[in-house]
Amino acid sequence: MNKRNIIAILAACASISYISAEQTSTTGIDKFDETNIFCRNHCLPGNYVIQGFNLDSDGTVWMTNTGPRDKVVLTHITPDSSAGLKTDNLGYMVFNYFGHGTNTAIEEVGDDRYFWVGCFGSSNKEGFYWTEKLVGRVKFVPGDTITPDKCNEYYYIGEYDNMHPSIDKENDLLTINYSDAVNGAFRCFVVYRLSDARNAPLKNVTISCTDAFKSGDKRSLNMTDVNVTVRDLTQIIPIARPKFLKSGYGSAGDKYYAWQGYDVHGDRLYYCDGGAHLEGRKYDVLTGHSKAYVTVFDLEGNVVEPRTEIKIIGDHDSLVKHDLSHFWSMESEGVKIDGSVMYLGFGAIGADKTNPQRRTNHILRFNKAK
């Protein structure tokens, strides 16, 4: 190992030790009462369920959804925990042909808000967009619709794909989840100082993706090469590169579900997996349970709090009682940490018991400050 690599490793290890943050625990997420409801039954344009969410320091919330298949939609809302459907919002912005948007971030810069999202994804044969090659940073402008070639900035971490960012402004952290063909059995992450990333050197890279942003054909499978000026994060020293197996990190015999987002806060990585039992949309068959779990890792990829079930999601009677889902379908859709408080997002089917086609969105709050 050469001297430069040794210095880089020592610097990264030292950076982790300087992160200071109040730790948020999974303690209590297996219990539930009315005070755990932060935002209930918010409807998004087009009757879609959320893909994830972000918190704003002004008390508002940013919800994202993927729908139709070629779009990521960012909607700004005021959270409301009361019963009943809410259809109002503070504005939304549409991102065509970007990717799946499983995890995104909001960066606050004065009165402006910047959306961080994986971009230059490719359509598959069903018309869904995946395999994002870069992370884009875009100023939120309500009412705008943009394509991935119109971002304000781009961030490059190497020849990987499936980019999903997270920002911890308090600790000056930018984390990017990505897929690595060499480590295909693992969830892979890289953590940088946000301030270092924003000032990383510029570089021109060529990436390949399907050509909808040029042709306008959202289902096009034609590949095109794109030359993009990026912030080259391969030229700065990351704080950490955590990774862990996609399954096998829980107890013996555990069943694992689709990953549903993550958040990094301080020296902890909070990770969700889960699934709704009505994936087949058989509304007349009210059997089974939705499942949702949170696992907490450190920035070396070690489990520091075991995989813990959010039990309200599988409690039929409580879902009906609290006007969350009369059809018992709640899919985990993201986690965010604010101080000692953990926020968990859910997309629901059937908040309106007379209309199983109605999709609504909830955010539950745990370890709420007294």
Side-chain angles (χ1 to χ4, degrees), residues 44-46 48-54 62-76 91-107 113-167 174-179 197 205-231 233 259-262 333-334 345 347:
L44 293 178
Y48 290 103
V49 295
I50 61 172
Q51 188 66 43
F53 68 98
N54 287 280
W62 302 84
M63 288 186 172
T64 55
N65 68 270
T66 304
R69 300 175 183 188
D70 56 303
K71 304 179 187 302
V72 174
V73 181
L74 175 66
T75 303
H76 194 194
Y92 66 91
M93 187 172 177
V94 179
F95 300 80
N96 284 338
Y97 325 128
F98 271 66
H100 195 64
T102 301
N103 220 85
T104 63
I106 289 288
E107 179 193 5
R113 299 294 183 267
Y114 288 85
F115 185 51
W116 292 64
V117 59
C119 63
F120 287 111
S122 291
S123 176
N124 62 18
K125 62 183 180 180
E126 288 80 29
F128 290 103
Y129 277 71
W130 302 89
T131 63
E132 306 91 334
K133 295 298 195 300
L134 302 173
V135 171
R137 179 178 182 265
V138 184
K139 183 178 179 180
F140 176 73
V141 179
D144 269 14
T145 296
I146 70 165
T147 50
D149 54 318
K150 304 299 183 184
C151 296
N152 298 104
E153 280 189 317
Y154 301 93
Y155 293 80
Y156 172 77
I157 67 168
E159 295 300 310
Y160 306 109
D161 57 25
N162 291 315
M163 303 288 158
H164 302 283
S166 167
I167 286 177
L174 167 66
T175 304
I176 299 174
N177 166 241
Y178 63 96
S179 293
V205 299
T206 299
I207 56 96
S208 295
C209 63
T210 52
D211 67 357
F213 70 95
K214 292 180 178 180
S215 68
D217 178 4
K218 64 184 179 182
R219 299 292 289 268
S220 173
L221 300 179
N222 296 323
M223 300 297 292
T224 186
D225 288 339
V226 191
N227 187 262
V228 187
T229 301
V230 300
R231 294 285 179 184
L233 303 190
W259 89 285
Q260 301 290 1
Y262 76 98
E333 300 288 5

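Just so you know, these numbers come straight off a predicted model, no measurement behind them. Throughout, residue positions are numbered sequentially from 1 according to the sequence presented.
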| task | Measure the shortest side-chain to side-chain distance between H76 and M93 over non-hydrogen atoms and say whether it is less than 4.5 angstrom. | result | no
| said: For the CG atom of N222 and the SG atom of C209, what is their distance to the nearest 0.5 Å? | reply: 11.5 Å
| task | Please examine the side chains of I146 and V138, heavy atoms only from C-beta on, and report whether any two atoms are closer than 4.5 Å. | result | yes
| query | Which pair of heavy atoms, one from P148 and one from N96, lies closest together, and at what distance? | reply | CD-O, 3.1 Å
| S220 side chain to A212 backbone, donor-acceptor under 3.5 Å | no
| message | Between N162 and Y178 (side chain of the first, backbone of the second, donor and acceptor by atom type, cut-off under 3.5 Å), is there such a pair? | response | no
| field | side chain to side chain contact (heavy atoms under 4.5 Å, CB included) between C119 and F95, worked out | value | CA-CA 9 Å; C119 63; F95 300 80; over 6 Å; no
| said: When you measure from the side chain of N103 to the backbone of Y262, do you find a donor-acceptor pair of N or O atoms at a distance under 3.5 Å? | reply: yes
| message | Other residues, nucleotides and ligands only: do more than 12 of their heavy atoms fall within 6.0 Å of NZ on K150? | response | no
| At what distance, to the nearest 0.5 angstrom, does CE of M163 lie from OG1 of T102? | 13.0 Å
| remark: OH of Y97 to CZ of F120, rounded to nearest 0.5 Å, is 13.5 Å
| said: Let me confirm one number: the CD1-CH2 distance from I106 to W116, rounded to the nearest 0.5 Å. | reply: 11.5 Å
| query | Any idea which heavy atoms bring E333 and F53 closest together, and the distance? | reply | O-CD2, 3.7 Å
| task | Verify, without hydrogens or angle tests, whether N177 (side chain) and H164 (backbone) share a donor-acceptor contact under 3.5 angstrom. | result | no
| said: So that I know where these two stand, are F115 and W62 an aromatic pair - ring centroids less than 6.0 Å apart? | reply: no
| remark: Residues passing the salt bridge (charged side-chain N to carboxylate O under 4.0 Å, His left out) test with R113, sequence neighbours excluded, are D56, E108
| remark: Smallest heavy-atom separation, L74 atom then T64 atom, equals CD1-CG2, 3.7 Å
| said: As a test of understanding, state which of V205, L134, I207 forms a side chain to side chain contact (heavy atoms under 4.5 Å, CB included) with Y154. | reply: L134
| request: Quick one: closest heavy-atom pair of S208 and D225, and the distance? | output: OG-OD1, 2.5 Å
| said: Nearest 0.5 Å, please: how far is CG in D211 from CE in M223? | reply: 9.0 Å
| said: Could you work out, with side chain to side chain contact (heavy atoms under 4.5 Å, CB included) as the rule, every residue matching R219, not counting sequence neighbours? | reply: D217
| Between D161 and K133, is there a donor-acceptor pair closer than 3.5 Å when you use the side chain of the first and the backbone of the second? | no
| request: Mark yes when over 12 heavy atoms from residues, nucleotides or ligands other than Y92 sit less than 6.0 Å from its OH; otherwise mark no. | output: no
| query | So, are R231 and E153 salt-bridged, with charged N and O less than 4.0 Å apart? | reply | yes
| message | Quick check: closest heavy atoms across A197 and L174, and the distance to 0.1 Å? | response | CB-CD2, 3.7 Å
| message | When you measure from the side chain of T206 to the backbone of N227, do you find a donor-acceptor pair of N or O atoms at a distance under 3.5 Å? | response | no
| query | Does a donor on one side chain and an acceptor on the other come within less than 3.5 Å for N65 and T75? | reply | no
| query | To the nearest 0.5 Å, how far apart are CG in D144 and NZ in K139? | reply | 10.5 Å
| Any donor and acceptor pair, going by atom type alone, linking the side chain of Y129 with main-chain N or O of K218 inside 3.5 Å? | yes
| remark: Between V226 and F213, the two heavy atoms sitting closest are CG2-CZ, 3.5 Å
